[in-house]
Amino acid sequence: MSESVLMKGNEALAEAAIRAGCRYYFGYPITPQNEISEYMARRLGEVGGVFVQAESEVSAINMVYGAAGAGGRVMISSSSPGISLMQEAISYIAGAELPCVIVNMCRGGPGLGGIQPSQADYFQATKGGGHGDYRLIVLGPATIQEGCDLMATAFEMADRYRNPVMILGDGMIGQMMEPVVFPEPLDLTKLPPKPWATSGNEGRKKNLISSIYLDPEELDAHNWRLEEKYRKIRENEVRYEILHGDDAEWFFVAYGTVARICTAVMQKLRRQGIKVGLIRPISLWPFPDEAFEKVIDRAKGFLTVEMSTGQMVEDVRLAVDGRRPVYFYGRTGGAVPTPRSVERRLREMMDGKVPSQTDYFDRVGGAAR
Amino acid sequence: MSQVTVFYGLYGSGKSEISINYALSLARQGRAVTVVDLDAVTPYFRVRDVREKLLEQGVKVVAPKESVRHADLPVLPEGIRRVLMHGEGDVVVDVGGDPTGARVLGGLRDALRPGARGLFVVNAMRPFSRTLDQAEEAVRRVTSAAGLPPSGLVSNTHLGDLTQMEHILYGLEFANSLGSRLGIPVVMVGVPAHLRSEVEKTAESLQGVTPLYLERYLLKPWETEE
Amino acid sequence: MERRVRFNEDHCKSCELCVSVCPKKIIKIRTGLNRLGYHPAYVPDEDQEKCISCALCARMCPDAVIEVWRP
Amino acid sequence: MIPVYTRPKSLTDVVSHYCPGCTHGIAHRLVAETIDELGIQGRTVGVASVGCSVFAYNYFDVDFQQAAHGRAPAVATGIKRVRPDAIVFTYQGDGDLASIGMAEIVHAAARGENITVIFINNAIYGMTGGQMAPTTLVGQKTTTSPFGRDPRNQGYPVKISELLATVKGAYYVARFSLHDPANIQRAKQGIKKAFQYQMEGKGFSLVELLSTCSTNWGMTPLNALKWLEENMVPEYPLGEFKTGEVS
């Protein structure tokens with residue numbers, strides 16, 4: 001029998017985290033990511049790990065801060081409103097340079113919103129969310145298998161850069177089922193030591209995990225040192241996929257679930273001889289500017305499709321830098337762009353029926369539905 | 001004679017697709033069928049999401065009303081007890097996964113018509129039911145939470161789009177072994193529609209177990225034509 | 001001469017809590033300032049013999065300035 | 001000469017930022033003495049909070065983590081779960097623990113989290129300049145209760161030890177005062193018990209220490225001790241509220 005298992009996205013990410021050496025998980029229930037907590041509650045004990053359901057997301061992420069500071073390989077997951085509650089501690093974690101993995105199975109917002117899938121936390125994930133100059137490494141898987149493969153990368157990068165890494169999924173990625181093949185469990189004894197951790201100062205000078213710098217000069221230096229680290233990450237950790245970059249003239253730009261929809265539309269249109277391609281950012285921060293350089297000479301235009309009112313499209317515009325028209329199509333609140341509406345929007349763009357360079361939101365009763 | 005059939009099992013074993021397809025197969029035989037969406041624990045991919053398609057094909061749907069369809073709440077359908085007790089024709093009940101989901105039925109146990117049968121859906125490609133020990137434990141936990149002892153198994157071993165004949169056959173063997181341990185028969189085997197001709201070519205391959213050919217109804221957004 | 005009560009005067013903030021608890025009333029405040037700008041507490045050499053090494057001063061001191069010894 | 005009292009070695013040799021006469025210094029010293037006497041310096045991890053004790057990590061020669069306001073018990077939980085052999089303590093003031101961090105402290109206690117909490121109650125916000133604390137006494141004037149705390153407007157002081165003593169997961173909950181040597185000695189014994197219980201794996205322990213803030217109270221250090229004894233001790237009775245089995 002094959003090694004494949006049929007997994008729900010949430011369960012798969014949890015199992016992948018365990019195989020990537022995660023032994024500590026702190027969480028608080030919120031739909032649509034509860035299967036992660038439930039899976040961890042069941043499985044972590046079997047591998048000598050610890051699961052704690054905290055009293056709130058605020059507390060859970062602070063447990064992560066403590067556990068990461070003490071040297072544990074630690075993960076937390078939540079969905080949009082819960083991630084908002086965690087922003088304070090995420091800022092502390094980034095400031096104190098602690099490694100951890102944060103999963104956001106994004107749902108519709110703002111506020112309590114709804115439990116259906118969304119990508120409206122892109123700004124929060126990639127531009128901050130908490131206070132201060134800091135960056136999360138943000139990865140947006142489009143398949144469950146990719147989510148599993150990125151999990152090991154996420155933990156490895158978190159350790160290497162001593163920085164929190166976010167896996168930004170959406171409810172659809174969390175709830176759907178696909179077959180996956182899991183990597184072999186990591187040998188925990190081979191993980192690099194963490195001499196900076198608060199493990200008790202027997203035989204060495206004491207360690208301090210902190211983000212406090214009251215001297216402006218010191219804080220300035222600290223922030224520029226962090227920025228230097230982020231520069232290295234920008235240089236080395238850009239991840240993306242280009243489909244049909246060799247001949248396409250029109251490009252979808254989409255990540256996660258929406259990239260799957262755009263891919264289906266792309267395939268259909270290509271069968272009709274229309275030269276459509278796709279740029280799929282996998283690292284949402286650092287954003288893959290270089291992907292656009294590779295196709296800019298031939299591209300006639302880019303259609304960014306998101307489950308938001310237009311967030312990643314701003315990064316697309318920065319990358320394209322006015323050289324080509326950038327269009328946008330979005331649905332929000334759990335409404336998922338349908339293949340038909342995406343196709344219609346692309347055709348309008350190709351026919352020049354969409355005002356170029358301006359936001360083109362799907363207005364009430366809009367033709368795109 | 002009309003009957004109440006309850007499908008229960010672990011998360012992701014394929015209960016909803018089985019329920020939908022089973023209800024449709026009964027409808028195609030000209031029977032009056034009601035399918036009950038009793039899943040109070042799964043936020044996406046539920047029977048209520050294809051209510052219209054079922055109605056079009058003559059299957060009644062009892063599910064939480066539209067205004068709370070997307071609510072993050074365990075909402076029970078209105079009139080649920082009446083349907084379980086006095087519903088006309090055949091009633092197919094799709095129960096939420098795991099003991100958590102099965103508990104909902106546990107609370108309605110006394111409303112079930114006599115003769116209601118509980119069919120446990122098992123997918124040997126899913127975590128927590130990959131070994132016979134795990135699956136036996138799962139049957140025990142889910143059916144006791146539901147308050148309805150299992151009268152049979154539904155073999156639904158599959159890998160989504162990657163499902164091959166070998167998975168079906170392996171799953172059937174797995175379900176047979178599980179059935180012998182539990183002393184209950186395997187009454188149905190789920191077969192993805194694309195394997196239909198292959199199964200029909202070698203009719204004996206399913207060892208006499210009735211195949212339920214499965215069209216997929218709970219589609220991902222990129223799998224639809226709309 | 002060996003002192004029974006020793007003050008790390010550079011760390012003293014002159015709160016005088018030690019003065020208040022000394023049963024022998026031998027702790028004094030210097031007229032000069034220490035590095036921190038406080039008038040540190042001390043026990044004059046001639047009063048060291050009067051110290052009964054009860055260490056109440058040390059137990060009261062918020063800045064761990066005082067160490068106490070006995071013969 | 002034979003030493004009767006010497007400076008604890010798990011205190012670092014630096015001058016603290018605390019005001020003259022501030023009892024934070026006494027509390028620090030008692031914790032350091034305890035760490036020395038129990039021989040746990042090499043495996044103790046402290047969690048500093050936000051408030052006047054924000055720099056506590058500078059004064060203890062043990063590993064430390066700085067926590068966000070109110071979250072020290074959650075941070076300590078994370079550390080303890082990763083390092084069950086470490087002796088983990090938080091050091092929190094009344095604004096941090098009894099106001100913004102109320103959920104974290106109650107739930108750490110409810111979980112019977114095997115950590116020790118040192119809780120400094122001086123009835124006022126020190127760090128931010130003398131605002132009302134959840135523990136401010138009725139009638140006490142602060143910069144945000146300029147006419148005295150009026151229960152009709154600002155409610156009543158929160159009694160943390162009494163409250164936590166009702167929580168099953170809490171093993172040891174006690175309140176002491178730092179206003180004179182005898183009480184300080186009792187406080188020391190309480191702190192030591194709390195750490196010992198943690199070493200024995202008994203679960204959650206909290207030691208509340210009634211403390212002064214002479215600067216924000218606007219008093220001399222000596223008068224502040226007197227005010228504490230005469231006003232705070234009657235409102236916040238001293239004693240061990242709970243020493244008991246966590247089932």
Side-chain angles (χ1 to χ4, degrees), chain C residues 1-43 45-71, chain D residues 1-33 36 52-53 59-61 120 122 177-189 209 211-215 219-226 228-229:
Chain C
M1 189 201 83
E2 282 192 297
R3 296 184 177 90
R4 294 183 184 182
V5 53
R6 306 169 192 180
F7 286 72
N8 180 0
E9 292 186 31
D10 281 344
H11 283 205
C12 177
K13 294 174 186 163
S14 199
C15 68
E16 303 187 27
L17 298 190
C18 55
V19 176
S20 73
V21 297
C22 176
K24 292 296 175 185
K25 304 294 176 199
I26 54 175
I27 303 177
K28 303 286 185 285
I29 301 297
R30 286 199 196 277
T31 48
L33 298 173
N34 66 7
R35 284 196 320 212
L36 301 172
Y38 294 112
H39 301 282
Y42 75 112
V43 171
D45 286 351
E46 63 269 25
D47 289 339
Q48 285 282 348
E49 291 283 312
K50 296 181 190 161
C51 173
I52 56 171
S53 304
C54 68
L56 291 186
C57 55
R59 293 191 198 289
M60 199 68 217
C61 177
D63 291 286
V65 163
I66 308 167
E67 295 193 325
V68 180
W69 306 71
R70 64 177 171 80
Chain D
M1 298 285 264
I2 300 154
V4 176
Y5 186 91
T6 55
R7 185 183 169 87
K9 69 180 174 46
S10 44
L11 274 188
T12 54
D13 189 20
V14 296
V15 179
S16 79
H17 71 287
Y18 297 117
C19 301
C22 175
T23 49
H24 264 306
I26 300 174
H28 280 28
R29 193 165 45 72
L30 298 183
V31 171
E33 288 172 15
D36 284 2
C52 272
S53 56
Y59 310 134
F60 293 97
D61 188 12
I120 305 298
N122 60 6
S177 174
L178 301 178
H179 68 269
D180 64 28
N183 277 287
I184 289 171
Q185 201 51 28
R186 276 179 219 122
K188 164 67 183 303
Q189 293 315 314
L209 301 172
S211 298
T212 61
C213 183
S214 59
T215 300
M219 300 174 194
T220 65
L222 272 174
N223 286 342
L225 291 181
K226 193 155 173 279
L228 188 169
E229 183 180 10

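Each chain gets a letter, A, B and so on, in the order its sequence line appears, and its residues count up from 1.
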Practice task
With C/C15 as reference, evaluate D/S214, D/C19, D/P20, D/C22 under the side-chain contact (heavy atoms from CB on, under 4.5 Å) test and give the passing residue.
Solution key: D/P20
Please name the pair of heavy atoms, one in [X] and one in [Y], separated by the smallest distance, quoted to 0.1 Å.
X	Y	answer
C/L56	D/P181	CD2-CB, 3.5 Å
C/A58	D/Y5	CB-CD2, 3.5 Å
C/P71	D/I2	O-CD1, 3.9 Å

Part of [X] within contact of chain C (heavy atom distance under 4.5 Å):
X	result
D/I184	side chain
D/Y59	neither
D/H179	backbone
D/R29	side chain

Exercise for the section: Could you tell me whether C/E46 atom CD has more than 12 heavy atoms of other residues or ligands within 6.0 Å of it? Expected result: yes
Problem - Whether over 12 other heavy atoms sit under 6.0 Å from C/K28 NZ - result: yes
Fill in the blank from the handout: Ranking D/L225, D/L11, D/T23 by heavy-atom pairs under 4.5 Å to chain C gives rank one to D/L225
Handout entry: Which of D/T220, D/V15, D/L178, D/D180 touches chain C most, by non-hydrogen pairs under 4.5 Å
Key = D/V15
Fill in the blank from the handout: d(C/R59 CZ, D/L30 CG) to nearest 0.5 Å is 9.5 Å
Practice task
Measure the spacing between CZ of D/R7 and CZ of C/R6 and express it to the nearest 0.5 Å.
Solution key: 15.5 Å
Engaged part of [X] at the chain D interface, taking heavy atoms whose separation is under 4.5 Å:
X	answer
C/A55	side chain
C/R3	backbone
C/I66	backbone

